[in-house]
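This report concerns only the one structure given below.
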Amino acid sequence: MLHAILQLTAKRGTLTFEEVARELSISAALAESLFVELERHGYLKSIAPACGVSCGGCGASKSCGFIKGLRLWAFTEKGAAAARRLADDPGRAHDHELGL
């Protein structure tokens, strides 16, 4: 399931827990816990806003996750490399080389 999340986020970019849950037929709470697990393994990192502007005050306000209180994640170098390998060869989804 962790591989599926890496593949999905690499393919689609920005996703909410609800979108991941719907795509993988799991609960949003489980999706969030899987993101936490990917962070624990070093594939994702939680990010904070860097703009320093109060939410709603800039041109990105319609797409900024902090307006809705969402937690944002970004690939680490390790996560981006794993996502590229999975995108190049989806059959590797069960490959233990990825460490998941």
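What you see is a predicted model; the values in this text were computed from it and never measured. The figures that follow rest on heavy atoms only: side chains count, while hydrogens, waters and symmetry mates do not.
- Closest of all the heavy-atom pairs between L6 and A83 is O-CB, 4.1 Å.
- The main-chain N or O of S46 is found under 3.5 Å from a side-chain atom of E39 such that the two form a donor-acceptor pair.
- Residues satisfying the side-chain contact (heavy atoms from CB on, under 4.5 Å) criterion with T76, sequence neighbours excluded, are K45, K78.
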For this session: Would you sort out whether I26 and L34 count as a side-chain contact (heavy atoms from CB on, under 4.5 Å), showing the intermediate values?
Result: CA-CA 11 Å; I26 60 175; L34 292 170; 3.9 Å; yes
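- Among residues two or more places apart in sequence or in another chain, the salt bridge (Lys or Arg N to Asp or Glu O under 4.0 Å) test is passed with E23 by R12.
- Taking both residues in full, the closest heavy atoms of A28 and A21 are given as N-CB, 3.5 Å, listed atom of the first, atom of the second, then distance.
- Judged as a ring pair (Phe, Tyr, Trp, His ring centres under 6.0 Å), and not counting sequence neighbours, F75 has no contacts.
- Here the CG atom belonging to L30 is positioned 7.5 Å from the CD1 atom belonging to I5, to the nearest 0.5 angstrom.
- We find the CG-CG distance between L86 and L8 to be 11.5 Å, quoted to the nearest 0.5 Å.
- Note: R22 CZ to S27 OG = 13.0 Å, rounded to the nearest 0.5 Å.
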